[in-house]
Amino acid sequence: MFTRAIVRTPCRAMVNGLSSASLGTPDYQKALIQHADYIDALRECGLQVTVLPADEQFPDSTFVEDAALMTPRCAILTRPGAPSRRLETQSILVTIRELYEKVEMIKAPGTLEGGDVMMVAEHFFIGLSERTNPTGAEQLIGILEKYGMSGSVVSLTEVLHLKTGLGYLENNYLLACGEFLNKPEFQHYNLLQVDADEAYAANSVWINGTVLTPCGFPKTKMLIESAGYKAREVDVSEFQKLDGGLSCLSLRF
Ligand code: CIR
């Protein structure tokens, strides 16, 4: 069960955020409304939400998931692979130190973004992407092992982050799409196959028995419900324009 979450209000500069999508520029006012509903959804799932103020220095700073990894035994400050995001970690460090006794860090030349890390109980799958390099992954595995947990790497080529195409829904259910469907390491899960035309919804998030899922992906919503979960839709269209999904918008622990 999760009890808390950290989010960061989107900043006006988000319109200059990194994007590979051709969905247009986000509408800032709409993003604020969507972000407020996202916070409501987290609260509905029973989480106490810490809302950090907008940080105009970093256009992508609302995607807090990439700056840190929260595990049951320690928090890890990442080292984002995107140069424009590297210092986002500094502004979240103070909050994390208040909430965690043990705080570890990924160090140069390692790079790692939280969107590349999927937690399955005490094991962490780490995507090797353009943002997360083998050194960063190796450092993370070392830290996890120090605290009695484990990690393993997963290669990926088609998507930005590991969790762009995968969402672990607990109870052995795994939402998966595209290149992840045939990977041997995921074959022993109950794979919920997300259709290519709904790929964005693979990034749905389990929180205490409810699954947050983006608005507008009815087949995936049904898939989630067929696995026995309550699905709570959240409209995140303005964040999708920046390649950001539901998980990216919070740290849950
Ligand atoms: C970026 O490219 O870094 C942001 N525009 C989107 C980050 C999405 N984060 C995530 O998937 N964890």
Side-chain angles (χ1 to χ4, degrees), residues 5-28 31 34-35 38 42 52 54-70 75-89 91-92 106 111-119 124-133 136-137 140 154 156-168 175-180 194 199-207 212-214 217 234 236-253:
I6 299 173
V7 301
R8 185 182 288 287
T9 304
C11 59
R12 287 181 188 282
M14 78 176 284
V15 296
N16 301 317
L18 298 173
S19 178
S20 64
S22 47
L23 299 170
T25 306
D27 176 322
Y28 180 59
Q34 293 181 348
H35 197 258
Y38 180 79
L42 296 176
L52 302 177
D55 185 347
E56 292 295 341
Q57 277 183 286
F58 302 109
D60 286 297
S61 53
T62 193
F63 301 115
V64 282
E65 177 182 67
D66 295 319
L69 177 70
M70 317 299 259
I76 298 139
L77 206 66
T78 66
R79 186 167 180 272
S84 66
R85 303 198 60 191
R86 187 131 318 146
L87 297 179
E88 281 178 29
T89 50
S91 52
I92 211 162
I106 300 297
T111 64
L112 185 109
E113 295 191 0
D116 276 318
V117 185
M118 183 175 75
M119 179 172 83
F124 293 73
F125 290 100
I126 309 162
L128 294 178
S129 68
E130 286 186 7
R131 304 290 183 86
T132 295
N133 67 18
L140 177 57
V154 181
L156 59 99
T157 56
E158 292 171 6
V159 288
L160 174 64
H161 287 127
L162 181 72
K163 284 185 294 191
T164 311
L166 279 180
Y168 186 59
L175 278 174
C177 189
E179 64 185 306
F180 300 112
V194 177
Y200 180 69
N203 184 259
S204 291
V205 186
W206 178 96
I207 305 177
L212 305 191
T213 190
F217 301 91
V234 187
V236 280
S237 63
E238 301 317 294
F239 302 95
Q240 184 180 6
K241 291 174 181 172
L242 299 177
D243 302 329
L246 281 168
S247 74
C248 327
L249 289 169
S250 62
L251 288 162
R252 303 156 299 280
F253 52 104

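Both ligands and their constituent atoms are indexed starting at 1 by order of listing.
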### Query
For atom 10 (C) of ligand 1, what is the nearest protein heavy atom, given as residue, atom name and distance?
Cys248 SG, 2.7 Å

### Message
Assess whether a salt bridge exists between Lys163 and Glu65, defined as any Lys/Arg side-chain N lying under 4.0 Å from an Asp/Glu carboxylate O.
### Response
yes

#### Entry: His161 neighbourhood, listing ligand 1 atoms whose heavy-atom distance to it stays under 4.0 Å
9 (N), 10 (C), 11 (O), 12 (N)

### Task
Considering heavy atoms of the protein only, find what lies nearest to atom 9 (N) of ligand 1 and give residue, atom and distance to 0.1 Å.
Asp66 OD2, 2.8 Å

### Task
Would you check the N or O atoms of Arg85, main chain and side chain alike, for any that come under 3.5 Å of an N or O of ligand 1?
yes

### Query
Taking the six-membered ring for Trp, are Phe239 and His35 parallel (under 30°), tilted (30 to 60°) or perpendicular (over 60°)?
tilted

### Query
For residues Arg252 and Ser250, is any side-chain donor paired with an opposing acceptor at under 3.5 Å?
yes

### Message
Within this structure, what is the OG1-CG distance for the pair Thr78 and Leu112, rounded to the nearest 0.5 Å?
### Response
6.0 Å

#### Entry: Atoms of ligand 1, numbered as shown, that sit under 4.0 Å from any heavy atom of Glu65
12 (N)

### Query
What part of Arg131 sits under 4.0 Å from ligand 1 if we count only heavy atoms: the side chain, the backbone, both or neither?
side chain

### Query
Asp55 and Ser61: side-chain donor and acceptor closer than 3.5 Å?
no

### Residues Glu88 and Arg8 bridged, charged N to O under 4.0 Å
no

#### Entry: atom 6 (C) of ligand 1: the protein heavy-atom neighbour that sits closest, reported with distance to 0.1 Å
Leu242 O, 3.2 Å

#### Entry: Protein contact of atom 4 (C) of ligand 1 - nearest heavy atom, named by residue and atom, plus distance
Asp60 OD1, 3.3 Å

### Message
Is it the case that atom CD in Glu56 sees more than 12 heavy atoms from other parts of the structure closer than 6.0 Å?
### Response
yes

### Query
If you count the atoms of ligand 1 from 1 in the order shown, which ones are under 4.0 Å from a heavy atom of Gly115?
12 (N)

